[in-house]
Amino acid sequence: MATPSWIKIVHVHQVFGSTIRAAGIVSSRAGASLPALVVTYKYVEIAVVSILMDYFNDSMEEENQRLAAIVTNLQDGLSSLFVVIVSLISEAYTGYYTMITICTAASIEGLMLLWTSASSTKPSTFRAVYAAIFFLALGSSGQKLIENFLEYQLEEKIKARHESEAVRSGTTENQKEEDFTDKVLIKSWLCAPFVVGYIITICLAFISIDTTYEHWFQFTALIMCGTYMLFLAGSAWYSHEQLPIESNLHKIYRILKAALGKRHAKYPTSPGRYYWKDSKRDHFYKYGEGVRLLPRVPRLFRWLDKAAILEAEASTVSLELQEKNEKLCTVEEVRDVKSLVPMFYLCFAFFGYSLLVATESTFFVAQASNMTSNITTNGNDISILVLIMEATSDVSRFIWFLIGRAFRHFTKFSCIDNVCNKKAAIARIGFGMVCAVICSLIAWQVEVGRLKISKQMEYEDGRNSTVALIPQFSVLGVTNGLVEGGITSLFHGNVAKSMWSFDDSYKELVIGSGKLMIIPLVLSIPSWFSDTLNSSRLDKFYLMLGILNAAFLLVFFYYSFRYAYKEVCPQDDQEVEEFTGANADFVSESTIEIESKDHSTDTD
C-alpha cells in the first residue's frame with residue numbers, strides 16, 4: 001500500500017461515524033466519540049500489536065527469533081501489569097475519563113515511536129522501539145477502560161430513560177423483563193464497535209497494496225490521534241462515575257494491618273467476641289475450640305478473621321475509635337476480603353492457558369510469517385488470523401451471554417440461580433481449557449507438517465500455506481471467549497459484590513503471569529527456541545502446552561470444587577430475599593442446615 005492519504009483517513013472517519021450512527025449506539029452530541037475510540041483501540045490491537053513479533057524479527061540486523069519473542073512478551077506482560085495499576089487508580093482516585101486520556105496519549109506516543117523506528121535504517125534510531133514498548137503497554141491498558149466507560153454511559157442513559165418512563169406511568173412493573181432486555185441491548189451495542197473494527201481491518205487488509213511498516217504505523221497513529229481528539233471534544237456530555245469514599249485496595253490494607261497487629265490473639269469461643277457492627281450474627285462456624293468466620297479459606301489466610309476480634313484489653317477505647325485508628329475491622333469487611341482468597345488460589349490452575357495466550361502473540365505469529373501467504377494478496381495474513389481469533393472469541397462470549405441471560409430470566413429461585421451460575425462458570429472454563437488442549441495439539445500437528453516440508457524441500461519454496469493456521473487461531477478464539485468470560489462469571493459468583501471492581505485486574509494477573517513466565521522458558525531451552533523458526537523445535541513446545549493444559553484442567557476442577565463451588569458468599573442471602581420473597585425463610589433454613597453439617601469439617 002502506498003503512503004495513506006488524508007482522503008483515506010477522512011473516508012475511514014466517515015465509516016466510523018456513519019456505521020455508529022446507523023446502529024444508534026448513543027443518542028447524544030458525544031454519539032460517535034466513545035465508540036470511535038473503541039473501534040480504534042480494536043484496530044490497533046489487530047493491525048499493530050499483533051504484528052510486533054514479526055516487526056521486531058524483521059528489523060533486527062540479524063534474524064533473532066528468541067530476542068524478538070522476549071521483547072514481544074515483555075510488552076504483553078507490561079500491558080497486563082499496567083491494566084492492574086490503571087484500573088486500581090481509576091477506581092480509587094481518578095475515574096475512567098482521566099485515565100483513558102492518559103492511556104490514549106501514551107498509545108499515540110508509542111505508535112509515533114514505532115513510526116520513527118521504522119522510518120530509519122540507523123540502528124540507533126531503532127532503539128526508539130524499546131521506549132515504544134513502554135508507551136504501547138501503558139496505552140493498551142486503556143482499551144478495557146474505554147469499553148467499561150462506554151458500557152457505563154449506556155447504562156446511565158437507559159437508567160435515565162426508565163426513570164422518566166416510571167415518572168410518567170407511575171408504575172415499576174415488569175422490572176425483571178426490562179432488566180433482561182436492557183442487558184441484551186447493552187451487550188449488543190457494545191459488540192457493534194468491534195464489528196466495525198473488524199470490517200475496517202478486513203477492508204484495509206485486502207485493499208491495501210505495497211504496505212510497509214512505516215506506512216502502517218503512520219496511518220494507525222494518525223487514526224488514533226483523530227479519534228482521540230473526537231473523544232476529548234465530547235467530554236462535556238459524558239456521565240462521570242462517583243468515586244468511592246474508600247478504595248478496596250485501602251480496605252485490604254486496613255484488614256491486613258489489623259490482623260497482623262492481633263496475630264498472637266486467640267480465636268474467640270463465641271461469635272459475640274467479633275465486631276459485627278450493624279450486620280447479623282450469622283455465617284460462622286466452629287473449628288476446634290474457636291469460632292471462625294465464613295467463607296472458609298485455605299489455612300494460610302484464616303488469620304484474617306483476627307482483624308474483627310474484640311480484644312478485652314482494648315475495651316476502654318471506643319469501637320469507633322479503634323476502627324478509625326485501623327486497629328479493628330467489621331466482620332462484613334473481613335468477609336469481603338476473604339472472598340478474594342480462593343480466587344487467587346485458582347490462579348495457579350490457569351498457568352497452562354496463560355502460556356498458550358502468550359504463545360499466540362509470538363510463535364503463532366512467527367509461524368504465519370514463515371508460511372506462504374494465501375489469505376491476502378499483500379502479506380497481511382497475520383492481521384486476518386488475529387481478526388479470526390478475536391471474532392470467534394467475541395461470538396462465543398455473546399452466545400454464552402445470551403444463553404446465560406435467558407436461563408437467569410426464566411429461573412424461578414435466585415438461590416438455585418446462584419448455584420447454577422457457579423456450575424455454569426466452572427463448566428464454561430472447563431470446556432474452554434479442553435479447547436486449549438485441542439488448540440495446542442492442532443498447532444503441534446501443523447508445526448510437525450511445516451518442519452517436514454521445510455526439510456524435504458530445502459532449496460524450494462515449499463512452505464505451508466497460512467490457511468493451515470486458521471483452525472488453531474479459531475479454536476484459540478473460542479478458548480479465550482470461554483475461559484476469560486468464565487473467569488468473570490466465577491469471580492462474580494464467589495467474590496463479594498463490593499470487590500467486583502477487581503475482576504479485570506484478576507483476569508490480567510491470570511493471563512500476565514504466562515506472558516512473563518515464557519521469557520525464562522525461552523532462555524532456558526535454546527534447543528526448542530532457536531534464532532530461526534526452522535532450527536527451532538516448536539512442535540515439542542506445543543505438545544508440552546497440550547499436556548500442561550490437560551494437567552491444569554484437573555487442577556482447576558480440584559480447586560474450583562474444593563474452594564469455590566461449595567462456599568456461599570454471605571451477601572447471597574440479601575439477593576435471595578430480594579428475588580424470592582416468600583421463599584426467603586426456606587432458603588435461610590436450608591443455609592443454616594448446610595452450615596451445621598459443615599461445622600465438623602474444615603478446608604486446608
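Computation of the quantities below employed the complete heavy-atom set of this structure, encompassing side-chain atoms and omitting hydrogens, waters and symmetry-equivalent molecules.
Between the side chains of Thr488 and Asp503, no donor N or O sits under 3.5 Å from an acceptor N or O. For Tyr130 and Gln75, the side-chain atoms include no donor-acceptor pair closer than 3.5 Å. The closest side-chain donor-acceptor pair between Asn534 and Arg450 falls under 3.5 angstrom. Between Asp381 and Thr466, the side chains place a donor N or O and an acceptor N or O closer than 3.5 Å (distance only, hydrogens not considered). Residues Thr227 and Thr40 have side chains that bring a donor and an acceptor to within less than 3.5 angstrom of each other. No hydrogens or angles considered: nothing links the side chains of Ser50 and Glu45 as a donor-acceptor pair under 3.5 Å. In summary, the side chains of Gln472 and Gln367 do present a donor paired with an acceptor at a separation below 3.5 Å, with no hydrogens or angles considered. Residues Thr104 and Tyr41 have side chains that bring a donor and an acceptor to within less than 3.5 angstrom of each other.
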*Apply side chain to side chain contact (heavy atoms under 4.5 Å, CB included) to Val38 and Leu34, showing your working.*
CA-CA 6 Å; Val38 175; Leu34 282 175; 5.5 Å; no

*So Ser90 and Leu145, side chain to side chain contact (heavy atoms under 4.5 Å, CB included) or not? Walk me through it.*
CA-CA 9 Å; Ser90 64; Leu145 290 181; 3.8 Å; yes

*Yes or no on side-chain hydrogen bond (donor to acceptor under 3.5 Å, both in side chains) for Ser530 and Ser535, after CA distance, side-chain angles and deciding distance?*
CA-CA 6 Å; Ser530 184; Ser535 60; 2.9 Å; yes

_Verdict with reasoning, Val448 to Tyr542, per side chain to side chain contact (heavy atoms under 4.5 Å, CB included)_ = CA-CA 10 Å; Val448 168; Tyr542 293 151; over 6 Å; no

*List the steps, then state whether side chain to side chain contact (heavy atoms under 4.5 Å, CB included) holds for Ile547 with Val437.*
CA-CA 7 Å; Ile547 297 172; Val437 176; over 6 Å; no

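Looking at heavy atoms from C-beta onward, Leu548 lies in side-chain contact with Leu355 at the 4.5 angstrom threshold. Using a 4.5 Å heavy-atom threshold, the side chains of Leu150 and Pro193 count as touching. Between Gln65 and Asp531 there is no side-chain heavy-atom pair separated by less than 4.5 Å. Leu81 places none of its side-chain heavy atoms less than 4.5 Å from the side chain of Leu509. Counting heavy atoms from C-beta outward, Asn148 and Asp504 have side chains that approach closer than 4.5 Å. With a 4.5 Å cut-off on side-chain heavy atoms, Val44 and Ile223 do not count as touching.
Between Trp216 and Phe219, the ring planes lie tilted relative to each other; the angle falls in the 30° to 60° range. Using the six-membered ring where Trp is involved, Tyr228 and Phe231 have ring planes that are parallel, under 30° apart on the 30 and 60° scheme. In this structure, Phe217 and Tyr55 have perpendicular ring planes: the angle between them is above 60°, well past the 30° mark.
Applying the salt bridge (Lys or Arg N to Asp or Glu O under 4.0 Å) test to Arg428 and every residue at least two apart in sequence or in another chain returns nothing. When the side chain to side chain contact (heavy atoms under 4.5 Å, CB included) test is applied to Val341, the partners found at least two apart in sequence or on another chain are Val297, Pro298, Phe301, Leu304, Tyr345. With sequence neighbours excluded, no residue forms a ring pair (Phe, Tyr, Trp, His ring centres under 6.0 Å) with Tyr93. In terms of the ring pair (Phe, Tyr, Trp, His ring centres under 6.0 Å) criterion, Tyr198 has no residue partners (sequence neighbours excluded). When the side chain to side chain contact (heavy atoms under 4.5 Å, CB included) test is applied to Val365, the partners found at least two apart in sequence or on another chain are Met53, Asp54, Ile382. Contacts of Phe82 classified as ring pair (Phe, Tyr, Trp, His ring centres under 6.0 Å), with partners at least two apart in sequence or in another chain: Phe134.
The environment of Phe431 atom CZ is sparse: at most 12 non-hydrogen atoms of other residues, nucleotides or ligands sit within 6.0 angstrom.
To the nearest 0.5 Å, the span separating CG on Leu74 from CG on Leu78 amounts to 4.5 Å. With rounding to the nearest 0.5 angstrom, the OG atom of Ser474 is 8.5 Å from the CG atom of Leu385. Once rounded to the nearest 0.5 Å, the distance linking OG of Ser440 with CG of Leu476 reads 8.5 Å. Taken to the nearest 0.5 Å, the CG atom of Asn73 stands 12.0 Å off from the CE atom of Met517. Atom OG of Ser354 sits about 8.5 Å away from atom CD1 of Ile511, to the nearest 0.5 Å. Between atom CD1 of residue Ile442 and atom CD1 of residue Ile470 there is a gap of 12.0 Å, rounded to the nearest 0.5 Å.
Side-chain N or O atoms of Ser361 include one that pairs as donor or acceptor with a backbone N or O of Ala358 at under 3.5 Å. Between the side chain of Ser489 and the main chain of Gly485, a donor-acceptor pair closer than 3.5 Å is present. In terms of modelled atom types and a separation under 3.5 Å, the side chain of Trp500 and the main chain of Val495 share a donor-acceptor contact. A donor-acceptor distance shorter than 3.5 angstrom exists from the side chain of Thr101 to the backbone of Tyr97, with no hydrogens or angles considered. Judged purely by atom type and a 3.5 angstrom limit, Thr98 has no side-chain atom pairing as donor or acceptor with the backbone of Gly95. No donor-acceptor pair under 3.5 Å is formed between the side chain of Ser393 and the backbone N or O of Met389. In this structure a side-chain-to-backbone donor-acceptor pair under 3.5 Å is present from Arg66 to Phe529. Distance alone, capped at 3.5 Å, is enough to place a donor-acceptor pair between the Thr362 side chain and the Thr359 backbone. Distance alone, capped at 3.5 Å, is enough to place a donor-acceptor pair between the Thr116 side chain and the Met112 backbone. In terms of modelled atom types and a separation under 3.5 Å, the side chain of Ser87 and the main chain of Ser505 share no donor-acceptor contact.
Contact record, Thr72 with Ala68: OG1-O, 2.8 Å, taken as the closest heavy-atom pair. Nearest heavy atoms, Ser140 versus Ser79: CB-OG, 3.4 Å. The nearest pair of heavy atoms linking Cys435 to Val475 is O-CG1, 3.3 Å. The two residues Tyr506 and Cys347 make their nearest non-hydrogen contact at CE1-SG, 3.5 Å. Of all heavy-atom pairs spanning Ile46 and Ser383, the tightest one is CG2-O, 3.4 Å. Shortest non-hydrogen contact noted between Lys338 and Pro342 is O-CD, 3.3 Å.
Using a cutoff of 4.0 Å between basic side-chain nitrogens and carboxylate oxygens, Arg537 and Glu447 are not scored as salt-bridged. In summary, Arg397 and Glu484 engage in a salt bridge, as defined by a charged side-chain N under 4.0 Å from a carboxylate O.
Shown are Ile51, Val129, Ile70; of these, the side chain to side chain contact (heavy atoms under 4.5 Å, CB included) with Phe56 is made only by Val129.
Not less than 6.0 angstrom separates the ring centroid of Phe552 from the ring centroid of Phe348.
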